[in-house]
Amino acid sequence: MTVKDFPEECWESVFRFLGLGHHHLESLSLVCKQFLAITNRLHFSLTVYDPTIPLLPRLFLRFPRLKILDLSLLNGHHEGLLRQISQSGLELDLINLSNQRTLPVDGLRELGSNMKNLRVLICSNIGSLRDSHLVIIAYCFPLLEKLDISFPLNSQASDFGVLRLSSMLEHLRKINISGNHLITDKSLFSLCQNCLSLEEISFFICFKITQTGIASAIRLRPGLSSIAFNIEKKRIHGPGLTLTPIDLNLIDSFRTLKRLNAIDLSNSVISDEFLFAVAEGAGLLLKKLILQDCCNCTFSGISYVLSKCQSVQCLDLRKVDFLTDQCISKLSVFLLSLTTINLSGCCQLTNSTFFILTRNCPLLSEIKMERTYLGVEGEEDSMRDFSVNHEVKKVFLGDNVLLSDASLVKFVSICPSLQLLDLFGCEGVSGEGVVEVLKRCSEIRHLNLANTGMKVFDIDFEVSNLKVLKLSGSKIEDETLSVISRRCDGLLLLDIQSCWRVTAKGVREVVENCKTLKELNLKNCRLVSDDFVAWLEFSKPSLRIIVTPTDVGAYY
């Protein structure tokens, strides 16, 4: 039986079952025309860059089942682009319009006329957001289930706009209104009163919303599954600063949130009593707990909530600076369900914490310990009592200036299945240490060595799984690029921004040998010239080249 004898529907089912990513599908599309047609139907997401715009009509025809369209990386105003999308015939579920100067009103109207079934609209970091934008969004997309209008640069959205929006979006389940500083308790109340399906709400840096308003809104919508906000840390009282007290009514309201599975209180004043209330309300349903940079609570409060909520999978305790290795050891007995932890900025934590987590948290897959005391041996720094943990796939250790090759090798010996390792700013790690990492962790796909001062990257074996390599700010030279081009020929992204010692010769070798390279960051590289960029564009038309405009023509 040949490929053509096997029905396309069966091939499509096979590819779906295998869960192949975008790059694997791209390889399959080269096998034959039949596979090309099948893989085209399995592309559901498209990120649009400025150079992509002229190709969109053909791309829309090629990928008829697109559901997600990301326009957040576009520069400039593209009113006509939304008109083009509206006429594409696609049935989109999600559009991301973030990072634009303003929302294109006419384009939204045209989009809404043909895509009223749009379920998710993301408009974060918009240059200017007004009430009229909110009304148009609600009118054009009445079936929206998720809306993100967070952190506009110039927010003129007020209670009026949110009230109109909430009265028209009866299917809304998730909304993020963070950073809209004009809105008050009225907005929060109207959302909880009018949006009967509301499950998740975020409102960071909305300091006109009071604790009383939050408590009232929660009592209106006790079925909330996720809430994210911050209680302002400091207010001026005469000559000094005092912490904002927690309203008892707010504490009591959290006991009513019996379906709560995620809470984010980043940069808040909280108390142990508040954490007790969260634990009593959510109990075993709580899966995500974020207490980044919170103050006025103690280890007792954190320990209590984790002991009562032992289903927590994602835990963020960044900048909780009273935590020690001993604290983590005590907490770890409650973290059997934990998959992700962030302890960055906890300056008392040493190597012991890493060993404790990998030993006691059997499901842990991601560890973030940036800007800690890693590199310093703790009480449990012996390798004798530690078994290999194959679950840990991602480790972020950036800005640990004391981290040495010896400590790093210990960590990766315990986590041999690593796929991502971030060593940004770890100046104590050398090329020899990185080579040992690659020897022990053959599955690494993403390696960040930016700002490490790395000079030599000398490997004498194939690193075929490495797809992303970041070396920005390092001291590598052409010789190192030559090694990379020969040993890491499967690279998709190479970042050598601000690498002053490499020349066009080294970059040319990488581009010629790394046939799959998709993105090359040459920002602030003196080697970039008009002729060199022209050569890159000619020899690798599919390559996305990132340069600083002032670099071009500066040096060759």
Side-chain angles (χ1 to χ4, degrees), residues 323-326 328-329 332 341-361 364-461 463 466 469-471 473-476 480 483-484 487-488:
L323 290 176
T324 64
D325 295 333
Q326 291 73 27
I328 299 301
S329 182
S332 68
I341 190 168
N342 194 335
L343 297 171
S344 299
C346 297
C347 55
Q348 298 188 61
L349 302 183
T350 71
N351 292 0
S352 288
T353 286
F354 191 95
F355 296 137
I356 290 166
L357 292 172
T358 53
R359 179 188 63 198
N360 296 347
C361 304
L364 190 61
S365 64
E366 179 176 312
I367 301 172
K368 290 187 177 180
M369 289 186 65
E370 301 171 335
R371 299 178 303 283
T372 61
Y373 215 37
L374 282 181
V376 174
E377 295 188 359
E379 293 180 2
E380 300 193 38
D381 215 3
S382 168
M383 296 286 291
R384 289 176 303 174
D385 301 326
F386 297 97
S387 58
V388 171
N389 186 325
H390 286 284
E391 293 299 318
V392 178
K393 299 295 192 294
K394 299 179 181 180
V395 172
F396 298 81
L397 305 178
D399 290 319
N400 280 295
V401 295
L402 298 177
L403 185 64
S404 64
D405 288 345
S407 293
L408 179 62
V409 170
K410 285 183 181 180
F411 296 158
V412 299
S413 297
I414 291 173
C415 309
S417 300
L418 274 185
Q419 295 179 4
L420 183 152
L421 178 61
D422 190 329
L423 299 172
F424 178 94
C426 295
E427 298 177 356
V429 175
S430 71
E432 290 80 1
V434 172
V435 170
E436 284 300 313
V437 168
L438 294 173
K439 282 182 180 178
R440 297 165 191 265
C441 303
S442 60
E443 297 178 31
I444 281 190
R445 298 173 57 85
H446 185 129
L447 182 60
N448 188 355
L449 303 174
N451 291 3
T452 57
M454 190 77 59
K455 294 181 180 179
V456 180
F457 191 67
D458 190 11
I459 48 180
D460 57 2
F461 52 91
V463 189
L466 191 63
L469 180 58
K470 297 185 177 182
L471 294 164
S474 64
K475 299 176 181 178
I476 62 167
T480 300
V483 172
I484 290 170
R487 301 302 185 186
C488 312

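The figures that follow rest on heavy atoms only: side chains count, while hydrogens, waters and symmetry mates do not.
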Got a second to check how far [X]'s [atom1] is from [Y]'s [atom2], nearest 0.5 Å?
X    : Y    : atom1 : atom2 : value
L397 : T372 : CG    : OG1   : 7.5 Å
R440 : L418 : CZ    : CG    : 12.5 Å
I356 : I328 : CD1   : CD1   : 7.5 Å
Q419 : S442 : CD    : OG    : 10.5 Å
D405 : K410 : CG    : NZ    : 12.5 Å
R359 : I414 : CZ    : CD1   : 10.0 Å

key: F424/K470 under side-chain contact (heavy atoms from CB on, under 4.5 Å): CA gap, chis, key distance, verdict   = CA-CA 9 Å; F424 178 94; K470 297 185 177 182; over 6 Å; no

[X] side-chain N/O to [Y] backbone N/O, donor-acceptor pair under 3.5 Å:
X    : Y    : answer
S329 : D325 : no
T324 : Q348 : no
D458 : G431 : no
N448 : L423 : no

So if I apply the side-chain contact (heavy atoms from CB on, under 4.5 Å) rule between C426 and each of N451, V401, L403, L374, which one comes out positive?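 Of the listed residues N451, V401, L403, L374, the side-chain contact (heavy atoms from CB on, under 4.5 Å) partner of C426 is L403.
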
Could you pull out the closest heavy-atom pair between [X] and [Y], with the gap in Å?
X    : Y    : answer
E443 : S417 : OE1-O, 3.9 Å
C441 : C415 : SG-O, 3.7 Å
V388 : S413 : CG2-O, 4.1 Å
L402 : Y373 : CD1-CE1, 3.5 Å
L364 : E366 : CD1-O, 3.6 Å
L349 : L323 : CD2-O, 3.6 Å

What verdict does the side chain to side chain donor-acceptor pair (under 3.5 Å) test give for T358 and N389, after you've listed the backbone C-alpha separation in whole Å, the side-chain angles of each residue and the deciding distance to 0.1 Å? CA-CA 6 Å; T358 53; N389 186 325; 5.5 Å; no

Q) When you look at V435 and F461, which way does the side-chain contact (heavy atoms from CB on, under 4.5 Å) test go after all the steps? A) CA-CA 10 Å; V435 170; F461 52 91; 4.0 Å; yes

Start with the C-alpha distance between L357 and L343, add both sets of side-chain angles, then the distance that settles side-chain contact (heavy atoms from CB on, under 4.5 Å), and finish with yes or no. CA-CA 11 Å; L357 292 172; L343 297 171; 3.9 Å; yes

| Taking it one step at a time, do V429 and T452 satisfy side-chain contact (heavy atoms from CB on, under 4.5 Å)? | CA-CA 7 Å; V429 175; T452 57; 5.7 Å; no

Atom NZ of K393 with >12 non-hydrogen neighbours under 6.0 angstrom: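 Result for NZ/K393: enclosed.
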
* Asked: Above 12 or not: heavy atoms from other molecules or residues under 6.0 Å from CZ of F396?
  ->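 Enclosed.
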
- Task: For the residue pair I459 and C488, establish whether any side-chain heavy-atom pair is separated by less than 4.5 Å.
- Result: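 Result yes, sub-4.5 Å side-chain heavy-atom pair found.
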
| message | When you compare the side chain of K394 with that of K368, does any pair of heavy atoms fall below 4.5 Å? | response |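 Contact flag for K368/K394 side chains = no.
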
- Message: For K439, give me all partners under salt bridge (charged side-chain N to carboxylate O under 4.0 Å, His left out), at least two apart in sequence or on another chain.
- Response: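 Residues passing salt bridge (charged side-chain N to carboxylate O under 4.0 Å, His left out) with K439: E436.
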
